[in-house]
Amino acid sequence: MANKVRVRFAPSPTGGLHLGGVRTVLFNYLFAKKHQGDFIVRVEDTDQTRWVDGAEKYIFDCLDWCGLIPDESVIHGGSYTPYRQSERKPIYRQYAEQLIQQGNAYYAFDTSAELEAMREKLKAAGSNSLQYDHHIRMSMNNSLRLLPEETKALIDAGTPYVIRIKVNPNELIPFSDMIRGEMEFDTNTVDDKVLLKADGMPTYHLAVVVDDHLMKITHAFRGEEWLPSAPVHILLWKYLFGLDQMPHWAHLPLILKPDGNGKLSKRDGDRLGFPVYAMDWIDPTTKEVTKGFKELGFLPEAFINLLAVLGWNDGTEQEVFSLEELIEKFSIEKVHKGGAKFDFEKAKWFNQEWIKKLPIENYKERVKEIFLSKGVSNIEDSYLGDVMNLIKERCILLPDFYTQGVYFFDSPSSYDEASVKPKWDEAKKEYFNSLIDQLNQLESWDAISIETIFKQIATEKNSKVGELQMMLRVFLVGSKMGPGLFIIAETIGKTNTLQRIENALKVFVA
RNA sequence: GGCGCGUUGGUCAAGGGGUUAAGACGCCUCCCUUUCACGGAGGAGUCACGGGUUCGAUUCCCGUACGUGCUACCA
């Protein structure tokens, strides 16, 4: 390929950005960056009835969070403006008219009621195709059947019409897909798709072809659900710009729901309790919030990573990849043909890996916000850092830092009495009283010194160290969890440690 | 219904005419820790089915089944 690689992601601003959408972005991005190409985002807002306020900005926010920054877009600029299809409206009509001139398209005046009647009739006749195609187009209300002056009269009278592609029967359309290899479509099964709608907006079919050409797209990635309409797009390329100008296509496998089968949808996430959108999406009309990976506590690195290996594998045992590694190792040939079921457990594992792998500075601010939102104030930055380093390997999602680390900030509000009570006796009480004394006199407050004293007293009193350790842990933490006991004591400090032991003693002695 | 695409453990998957069919997630057992994790050591669990081709098929071919996508003036 002599030309610079140019790929595009073409979302419709209709709501939250789905996992599958982000993966499409990712594969586009990886392919482009691997070949030093450009990644373009083109907003496909040709359906005014589905347009949702705020959805476009939301999509860019998601890309931003993921670190998949477009080279050209509505907000990043570029030399192929505008990048919003609604603003390119006049362009499409021109090409639709050109197709009519060439005899590859026609005006159709059929009302939706007429179309419905046509389908009913076909159904009644036992036809297995309900399509508007060469079988029936000569019996419909279009410029193919009408006299030229009749057509003109209708248009002049302002009759609403659409422009349809005229698909010739009995043609075999060969098609080469970067992922699926060679295939062939029979035009007998392809219908006369609407190219230009009554409102003057193009349908997806016309718009992708025209814009991919105008924006010099070299490689086009999209979901597998588009495969059946590929022949229409190929025909359009052939009629309009020439097949040699057509981008290389790659139809990505679908991301399936974890249980049963089928395309993963937002509903599945709600039903099974995991996110499907990249970030929280708030429906502007209902105000309903749909949870996103970000807000649930995922790291963008993990999110990208888990998406990348859903349908792609580099052939080695490696599973954890950074964006840079992905750019280096990605190859379209290694993308699978079959869909992959989404597994939230595995998704969480990736996040855990990235929490362990990344320096805490990468996500410290987010953790701080979580603590703040839970009502923990007076968070000192370096202290939070110490705590995070201590507990990071027991956190899967970011909010786990709170549940795993609250006790570093607040004294326990309750104790695991069931563990302590049965073993509690007078000797234990004496032990902890002298521990308080000795600890009080301790000059250097560090884990080793605390442990030394702790064990020394135990030996003197001839008590079981393990049991005492468990008790001290419950006193300081509230339950049997957390990292090394003495490092906890060191971290929370002398005053806090002593205070907490005394508080606990009051509870257990009584 | 028609057309397209797909099918290696529960899930993600490597592999590809001859292998003990990798690895990961999850699950189970054990070790470490008198805690929870992390980590370590094990374990259970698989080539959808039927025909070919072949000395030999999980791998190649053809069917079948199953799944899934599309079949809108939605993308």
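Naming: A, B, ... by sequence-line order, numbering from 1 per chain. This one's a predicted model, so the numbers in the text were calculated from it and none came from an experiment.
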Discussion item. Tell me the interatomic distance from A:K123, atom NZ, to B:G2, atom C1', rounded to whole angstroms.
Written reply: 14 Å
Discussion item. Measuring to OP1 and OP2 of B:C5, would you say a side-chain N or O of A:H251 lies under 4.0 angstrom away?
Written reply: no
Discussion item. Does this structure show an ion pair linking A:R50 with A:D45, if we count only N-O contacts that are shorter than 4.0 Å?
Written reply: no
Worksheet item: Rounded to the Å, how far apart are A:W349 CH2 and B:A24 C1'?
Response: 6 Å
Where do N or O atoms of nucleotides 40-44 of chain B meet protein N or O atoms at under 3.5 Å, pair by pair?
none

Practice prompt. Map A:S112 and A:S129 onto RNA chain B by nearest heavy atom, then report which one ends up closer to the 5' terminus.
Written response: A:S129
I'd like a list of close polar pairs between nucleotides 7-10 of chain B and the protein, N/O only, cut-off under 3.5 Å.
none

Worksheet entry | Side-chain N,O (A:Q352) to OP1/OP2 (B:C38) below 4.0 Å | yes
Discussion item. How many whole angstroms separate atom CG of A:L227 from atom P of B:C3?
Written reply: 15 Å
Discussion item. Using a heavy-atom cut-off of 4.0 Å across all strands, would you classify A:D110 as base, sugar-phosphate, or nothing?
Written reply: base
Worksheet item: Salt-bridged, A:E224 to A:K263, with N to O below 4.0 Å?
Response: no
Worksheet item: Based on Watson-Crick and G-U pairs with both distances under 3.5 Å, what dot-bracket line describes RNA chain B 5' to 3', crossing pairs as [ ] and inter-strand pairs as |?
Response: (((((((..(((.....[....))).(((((.......)))))....(((((..]....))))))))))))....
Item to complete: Could you check how far CG of A:L130 sits from P of B:A72, rounded to whole Å?
Response: 8 Å
Worksheet item: Rounded to the Å, how far apart are A:M183 CE and B:G69 P?
Response: 17 Å
Practice prompt. Would you check if the distance from the ring center of A:F321 to the ring center of A:W312 is below 6.0 Å?
Written response: yes
Worksheet item: Does A:Y402 have its ring centroid less than 6.0 Å away from the ring centroid of A:F409?
Response: no
Discussion item. Measuring to OP1 and OP2 of B:A72, would you say a side-chain N or O of A:R119 lies under 4.0 angstrom away?
Written reply: yes
Worksheet item: For A:K263 and B:C70, is the shortest distance between a side-chain N/O and OP1 or OP2 below 4.0 Å?
Response: yes
Item to complete: Name the nucleic acid region contacted by A:A340, choosing base, sugar-phosphate or nothing; use a 4.0 angstrom heavy-atom cut-off, strictly under.
Response: sugar-phosphate
Worksheet item: Nearest 0.5 Å, what's the CG-NZ distance between A:D416 and A:K421?
Response: 11.0 Å
Discussion item. Between A:Y277 and A:F293 (judged by ring centroids, cut-off 6.0 Å), do the two rings come close enough to count as a pair?
Written reply: no
Response to the item:
Between CG of A:D186 and P of B:G4 the distance, given in whole Å, is 8 Å
